[in-house]
Visitor: 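Sharing a structure with you now.
Remember, it's a predicted structure, so these values are computed and weren't measured experimentally. Letters A, B, ... are given to chains in the order of the sequence lines, protein chains preceding strands, and every chain is numbered from 1.
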Protein chains: 2
Amino acid sequence: MNIENIRAIREFNRSYTKILKLTDKYHLNTHFTLLESRILLEIDRGVNSANQLMLLLHLDKGYLSRVLKKLTKDDLIQDARDSIDKRIKTLQLTDQGKKALEIINQRANQQVENLFANIPEEKLQSLIKDMQDITDTVKKYSQAKE
Amino acid sequence: MNIENIRAIREFNRSYTKILKLTDKYHLNTHFTLLESRILLEIDRGVNSANQLMLLLHLDKGYLSRVLKKLTKDDLIQDARDSIDKRIKTLQLTDQGKKALEIINQRANQQVENLFANIPEEKLQSLIKDMQDITDTVKKYSQAKE
DNA sequence: TAATGATGGTTGCCAAAGTCAACTATCTGG
DNA sequence: CCAGATAGTTGACTTTGGCAACCATCATTA
């Protein structure tokens with residue numbers, strides 16, 4: 001692949017990462033880290049055991065165990081033993097965890113608003129179409145295993 | 001802004017982040033951390049003082065000072081006092097630093113190749129154009145202070 | 001059904017990464 | 001020259017994350 005193409009893509013990766021502030025420590029001006037946000041989000045989406053989270057987020061299980069312990073202590077999640085397989089801890093958000101996630105989502109929405117809201121409607125639609133095209137095409141052609 | 005637009009954009013953010021594997025600790029199979037790689041890259045691009053790096057990468061200056069010290073000890077960068085303002089340390093890559101950066105760049109390029117190389121040339125050109133359009137437009141219209 | 005091995009999760013121990021505040025040296029504007 | 005401001009350093013800490021040993025439970029099979 002032509003070097004200029006690679007350069008352009010890497011430039012996009014860098015700038016878009018910066019735009020989203022993905023490297024900042026606290027996610028979206030909340031007091032949650034990016035990891036904690038992701039965990040709350042994934043539990044809300046139905047991922048409901050530590051082991052699933054481990055695989056999904058590629059985390060060390062010891063570390064994950066501690067992070068979950070902290071979230072439990074902060075009363076954001078609660079766990080119970082799976083009734084069939086007692087090794088498994090099932091996870092769910094507490095009411096407070098749901099509220100926390102709502103805030104995270106609001107902030108994420110706000111971030112998108114701040115970045116995109118001033119763009120003329122027609123242009124915006126075309127950008128969104130481009131975005132879908134990018135991810136669809138990459139997924140379609142990528143050799144990356146997963 | 002319409003909720004469906006926000007959803008679509010957030011979906012792009014999430015999936016492109018995943019594509020980049022930013023949630024993984026990617027060292028690109030080198031013995032450098034992501035931060036060290038970024039620092040070498042930025043110095044190579046002309047960022048030539050600790051303070052500039054601090055602002056660009058949003059780092060604590062104490063921490064940055066130590067990372068730079070380590071890179072200096074490893075003979076990847078060297079510093080000198082600015083001749084005009086003696087508070088400022090100017091930074092540059094050593095020959096070894098340049099070699100290290102070359103390896104990092106090769107690996108990063110390879111990562112991009114793995115994701116994009118199979119895409120037909122014409123399609124690829126259009127995606128790259130879209131990428132530029134996305135960042136240019138966001139930068140142009142965004143309210144984000146910086 | 002007892003033994004064996006696999007699996008989900010916890011813990012202790014450690015190193016690396018990152019934060020914060022106090023400090024030195026230098027510069028800048030009055 | 002003095003009073004801030006600025007660039008960078010250092011000490012003392014906390015947090016993040018990795019690794020391996022461990023416990024409890026489950027699944028397989030002789």
Visitor: Quick test: give all pairs of protein nitrogen or oxygen and nucleotides 21-23 of chain C nitrogen or oxygen below 3.5 Å, distance rounded to 0.1 Å.
Guide:
none

Visitor: Among all residues two or more places apart in sequence or in another chain, which pass the salt bridge (Lys or Arg N to Asp or Glu O under 4.0 Å) test with A/D130?
Guide: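 Checked A/D130 against salt bridge (Lys or Arg N to Asp or Glu O under 4.0 Å); zero matches.
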Visitor: Please give, in whole Å, the distance from C/dG18 P to B/R38 CZ?
Guide: 13 Å
Visitor: Nearest-Å distance, CG (B/L35) to C1' (C/dA16)?
Guide: 12 Å
Visitor: So, using side chain to side chain contact (heavy atoms under 4.5 Å, CB included) as the criterion, who are the partners of B/Q92 when residues are at least two apart?
Guide: B/Q78
Visitor: Which whole-number value in Å describes the distance from B/L59 CG to C/dG18 C1'?
Guide: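 Value for this atom pair: 9 Å.
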Visitor: Can you tell me which nucleotide in D/dT9, D/dG17, C/dA17 comes closest to the side chain of B/Y63?
Guide: C/dA17
Visitor: Quick one: list whatever passes side chain to side chain contact (heavy atoms under 4.5 Å, CB included) with B/E122, sequence neighbours left out.
Guide: none
Visitor: In whole angstrom, what separates A/R81's CZ from C/dG9's P?
Guide: 8 Å
Visitor: Write down the protein N/O and nucleotide N/O pairs, taken from nucleotides 25-30 of chain C, whose separation is under 3.5 Å; answer none if there are no such pairs.
Guide:
residue	atom	partner	partner atom	Å
C/dC27	OP1	B/I84	O	3.2
C/dC27	OP1	B/K86	N	2.7

Visitor: Taking 4.0 Å as the cut-off, does a side-chain nitrogen or oxygen of A/K70 come that near to OP1 or OP2 on D/dT15?
Guide: no
Visitor: Take atom CD1 of A/I88 and atom P of C/dT7, then tell me their distance rounded to the nearest Å.
Guide: 12 Å
Visitor: Once you round it to whole Å, what is the distance between C1' of C/dT11 and CG of A/L68?
Guide: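 Interatomic distance, CG of A/L68 to C1' of C/dT11: 15 Å.
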Visitor: Contact list please: residues 43-54 of chain A against DNA chain C, heavy atoms, distance less than 4.0 Å, in numerical order.
Guide: A/S49, A/A50, A/N51
Visitor: Report the distance from atom CG of B/L71 to atom C1' of D/dG8, rounded to the nearest whole Å.
Guide: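 Rounded to the whole Å, the gap is 16 Å.
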Visitor: Looking at residues at least two apart in the chain, or sitting in another chain, which of them share a side-chain hydrogen bond (donor to acceptor under 3.5 Å, both in side chains) with B/D85?
Guide: B/R87
Visitor: If the condition is salt bridge (Lys or Arg N to Asp or Glu O under 4.0 Å), which residues does B/E4 pass it with, not counting sequence neighbours?
Guide: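 With neighbours one apart ignored, the set is B/R7.
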Visitor: Can you measure B/L34 atom CG to D/dT16 atom C1' for me and round it to whole angstrom units?
Guide: 15 Å
Visitor: Applying side-chain hydrogen bond (donor to acceptor under 3.5 Å, both in side chains) as the test, list every pair that has at least one member in residues 95-104 of chain B; sequence neighbours left out.
Guide: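 Listed by first then second residue: nothing to list.
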Visitor: Taking side-chain hydrogen bond (donor to acceptor under 3.5 Å, both in side chains) as the test, write out the residues that go with A/K139, two or more places apart.
Guide: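 Once residues adjacent in sequence are excluded, A/K139 has no partner under the side-chain hydrogen bond (donor to acceptor under 3.5 Å, both in side chains) criterion.
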Visitor: Please tabulate, for the side chains in residues 39-47 of chain A, all donor-acceptor contacts under 3.5 angstrom to protein atoms that are two or more places apart in sequence or on a different chain.
Guide:
residue	atom	partner	partner atom	Å
A/E42	OE2	A/R38	NH2	2.7

Visitor: Specify whether A/F12 and B/F12 have parallel, tilted or perpendicular ring planes, treating 30° as the upper limit for parallel and 60° as the lower limit for perpendicular.
Guide: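 Plane angle between 30° and 60°, so tilted.
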Visitor: Side chains of B/R107 and B/F32, heavy atoms from C-beta outward: is any pair under 4.5 Å?
Guide: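 No, their side chains stay 4.5 Å or more apart.
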Visitor: Distance-only check: which donor-acceptor pairs under 3.5 Å involve side-chain atoms of residues 63-74 of chain A, not counting sequence neighbours?
Guide:
residue	atom	partner	partner atom	Å
A/K70	NZ	A/E36	OE2	2.9
A/T72	OG1	A/L68	O	2.7

